[in-house]
Amino acid sequence: MKGNVIKYERDNIDTDVIIPGQYLKVHDYAELATHAMEGLDPDFHSKVKEGDFILSGKNFGCGSSREHAPIALSHSGVKAVLALSFARIFYRNSVDGAFLLPIEIEEDAYHGISQGDEIDIDISKNEIKNLTKNQTYKMKPFSEIIGKIIEAGGLFNYKP
Amino acid sequence: MNIVEKILARASGKSQVAPDDVVFAKVDKVMVHDVSGPGVLKVFDKLKNKGVDVSKLWDPTKVWVAEDHFVPSAEKMSAENIVKLSNFTKNYGIEKHFKYGMGQYGICHTLSHEEAMVMPGDVYVGGDSHTNTTGALGAFACGLGHTDIAYVLLNGQIWFKVPETDYFKLNGKLPDHVMAKDLILKIIGDIGTDGGNYRTMQFGGTGIDDMSVESRLTLCNMTTEAGAKNGIVEADQKVVDYLSSRGATNAQVFKGDDDAQYANVYEYEASEMEPLVAKPFSPENVAVVREAPSVELDKSYIGSCTGAKYEDLEAAAKILKGKTVKIRTEILPASISIYKRAMENGLLTIFLDAGVTVGPPTCGACCGAHMGVLAKNEICISTTNRNFPGRMGHVESETYLSSPMVAAASAVTGKITDPRDLQ
């Protein structure tokens, strides 16, 4: 899975900035996408392209259980979020709803990948290739259940 | 096994579970509100398009519905979501729907205890992150997103990874003017906003035994701000009596085994606790009130599932009695039942005499949605739970999180004030 990286070099990107509370009443996915990341980066909607990835620090998606957060990112075209760690509900919503892949990375990828770099994520090898810089990093493997739900295409397709 | 392991073992039909086991747990109660309900219906629509039968819920008697985030409706879209919610409960035969403008209604987490919706030992899931609140009744109470709630509504069960449990022990009784809110802010300041991620935060010790059920609810409520999967207090006789006084006479004492294991134990001495605030822009950015910055406040807000239970209003009234507020102050009881008790016991008169505006139960301003949001550069002290950028309004507004006593004392002076220092 290849794409370009939009990097936010900070920890604790919370759901209130991913999709501000005033939009919780909105359930039209396309409309939610127009407000993605509005609390942090009002230009996000104009710059994000189909297939992009977000790269960030620790505890991405902390705060609310609003599924609007992965929905807004996914319907903006974001296919994966790479972060040092994820808040549990964001992680779970991303996988169970099959909106995007939450990829846990190590410090080398966090510091090695720059804004705009093209990367190739290979979840079968737990590997991320930085095509711009010709570097390779390890991603943390998915736990067994998460791997199976991703493979099934979301919780409703998963047979326990 | 500790209490959470016992609950998850029972719910998944196993004799024993341990941290990191993945289980499918049977759910005892599920809650949706006016944000997660329409979100779940959207998931149902997607499933219907794929040929999945969504015509029946697994058990409508185990589902209950609250209207809290966008009531009273400020504009058309919110009003339409309430209509969707009403159609949902009608179409699926859900009887427990607490409607705005029709008797008891309020913030979902407040109704969970005021209406005794959840029992000790239950697996309770809700379409809201602060579902953790209700763990104070000795239940495994956990917040989920729309897809997971839709799955529960159709299948009656959901997967969980059994969490590791950290035990927070409070020794002794909290001093006067120090509230459960101060203790949970202290803990979040210590462990950080990801310190509880994927974990259970359990509270115990003599200080917790001594605490009211409502104070315990405040502790469990903000385990969400540490990222925890759930917060819990073992259900003692106090919980049983609390639920019984609200009509649930079948509640029983429910605790972990004597040899329960915990990943970490943190000890706090109650006598060392003092009033605290969490400064912008994170609940972990904690400071002692007496050392807090001397900022000019624009507003004091006493509301939400965290800080507008009866006991919270009583604490605020103690401070506000005979005083006049110096800044815009809003008090919104978290449910109609609390509103009524506050009226009957004279609290509302104290608030109104002090110049406070008393509003209806709503999540409104806490999540920056409506009913008193902040303008650019405005600074608010609030009994709510989050102070991320833009949480309560403009992205350049600021929120300090505090106990109801600190919010009330600060309302009187217009600056962040320790209630012990108020003349």
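For clarity, every value in this text was computed on a predicted model and none was experimentally measured. Letters A, B, ... are given to chains in the order of the sequence lines, protein chains preceding strands, and every chain is numbered from 1.
Looking at A:Ile146, only its side chain comes within 4.5 Å of chain B, counting heavy atoms on both sides. A:Leu24 touches chain B through backbone and side chain together, each having a heavy atom under 4.5 Å away. In this structure, chain A has a heavy atom under 4.5 Å from the side chain of B:Asn197, while its backbone stays farther away. Using a 4.5 Å cut-off between heavy atoms, B:Leu154 contacts chain A through its side chain alone, with no backbone atom that close. Neither the backbone nor the side chain of B:Ala74 comes within less than 4.5 Å of any heavy atom in chain A. With a 4.5 Å cut-off on non-hydrogen atoms, B:Glu80 does not touch chain A at all. A:Leu40 does not touch chain B: none of its heavy atoms, backbone or side chain, sits under 4.5 Å away. With a 4.5 angstrom heavy-atom cutoff, B:Cys142 touches chain A only via side-chain atoms. Neither the backbone nor the side chain of A:Thr15 comes within contact range of chain B; no heavy atoms are under 4.5 Å apart. Using a 4.5 Å cut-off between heavy atoms, A:Phe90 does not touch chain B at all. Residue contact with chain B, scored on non-hydrogen atoms closer than 4.5 Å, involves the backbone and the side chain of A:Leu155 alike. Proximity to chain B (any heavy atom under 4.5 Å) is restricted, for A:Asn12, to the side chain, taken from C-beta onward.
By the 6.0 Å contact criterion, NZ on A:Lys2 is open, its count of non-hydrogen atoms from other residues, nucleotides or ligands being 12 or less. Heavy-atom neighbours of A:Lys138 NZ from other residues, nucleotides or ligands within 6.0 Å: above the threshold of 12. Within a 6.0 Å sphere centred on NZ of A:Lys7, heavy atoms belonging to other residues, nucleotides or ligands number more than 12. Atom CD of A:Glu144 has 12 or fewer neighbouring heavy atoms from other residues, nucleotides or ligands inside a 6.0 Å radius. No more than 12 heavy atoms of other residues, nucleotides or ligands shown are found within 6.0 angstrom of NZ on B:Lys56. Other residues, nucleotides and ligands contribute only 12 or fewer heavy atoms inside 6.0 Å of the CD atom of A:Glu151. By the 6.0 Å contact criterion, CG on B:Asn49 is enclosed, its count of non-hydrogen atoms from other residues, nucleotides or ligands being greater than 12. Within 6.0 Å of atom NZ in B:Lys48, 12 or fewer heavy atoms from other residues, nucleotides or ligands are found, so the atom counts as exposed in its surroundings.
Interface summary for chain B: among A:Gly21, A:Pro70, A:Pro20, the most heavy-atom pairs under 4.5 angstrom belong to A:Gly21. Looking only at heavy-atom pairs under 4.5 Å with chain A, the residue among B:Asn155, B:Leu41, B:Thr147 that has the most is B:Thr147. Chain A forms more heavy-atom pairs under 4.5 Å with one residue of B:Thr224, B:Val395, B:Ile158, B:Leu47 than with any other, namely B:Leu47. Between chain A and the options B:Ala369, B:Gly390, B:Pro389, the largest number of non-hydrogen pairs under 4.5 Å is found for B:Pro389. Contact count against chain A (heavy-atom pairs under 4.5 Å) is highest for B:Asn81 among B:Val43, B:Val22, B:Asn81. Interface remark: of the candidates A:Ile145, A:Ile89, A:Asn93, A:Asp11, A:Ile145 forms the most heavy-atom pairs closer than 4.5 Å to chain B.
Residues B:Met77 and A:Glu31 are in side-chain contact: their nearest non-hydrogen atoms beyond the backbone lie under 4.5 Å apart. Side-chain atoms of B:Val35 and A:Lys25, non-hydrogen and from C-beta on, never get closer than 4.5 Å to each other. Using a 4.5 Å heavy-atom threshold, the side chains of B:Thr193 and A:Asn59 count as touching. Considering only heavy atoms from C-beta on, B:Ser36 stays 4.5 Å or farther from A:Arg66 through its side chain. Counting heavy atoms from C-beta outward, B:Phe388 and A:Val17 have side chains that stay 4.5 Å or more apart. Counting only heavy atoms from C-beta outward, the side chains of A:Lys58 and B:Asp194 approach each other to under 4.5 Å. The closest side-chain heavy-atom distance from B:Tyr151 to A:Asp96 is not below 4.5 Å.
Shortest non-hydrogen contact noted between B:Ser129 and A:Ser64 is OG-CA, 3.6 Å. Annotation for A:His27 and B:Pro38: closest pair NE2-CB, 3.4 Å, computed over non-hydrogen atoms. Scanning all heavy atoms of the two residues, the minimum distance from A:Glu67 to B:His146 falls at OE1-N, 2.6 Å. Nearest heavy-atom pair across A:Gln22 and B:Gly368 is CB-O, 4.0 Å.
Put simply, the side chain of B:Arg391 never gets that close to the backbone of A:Asp16: no donor and acceptor are under 3.5 Å apart.
Annotation: cation-pi pair A:Arg92/B:Tyr198 absent, no NZ/CZ under 6.0 Å from the ring centroid and within 45° of its normal.
Taking OG of A:Ser65 as the reference point, atom NE2 of B:His130 lies at 9.0 Å (rounded to 0.5 Å).
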* After noting the C-alpha distance and the side-chain angles of B:Lys46 and A:Phe156, does the key distance pass the side-chain contact (heavy atoms from CB on, under 4.5 Å) rule? -> CA-CA 11 Å; B:Lys46 282 196 288 182; A:Phe156 275 98; over 6 Å; no

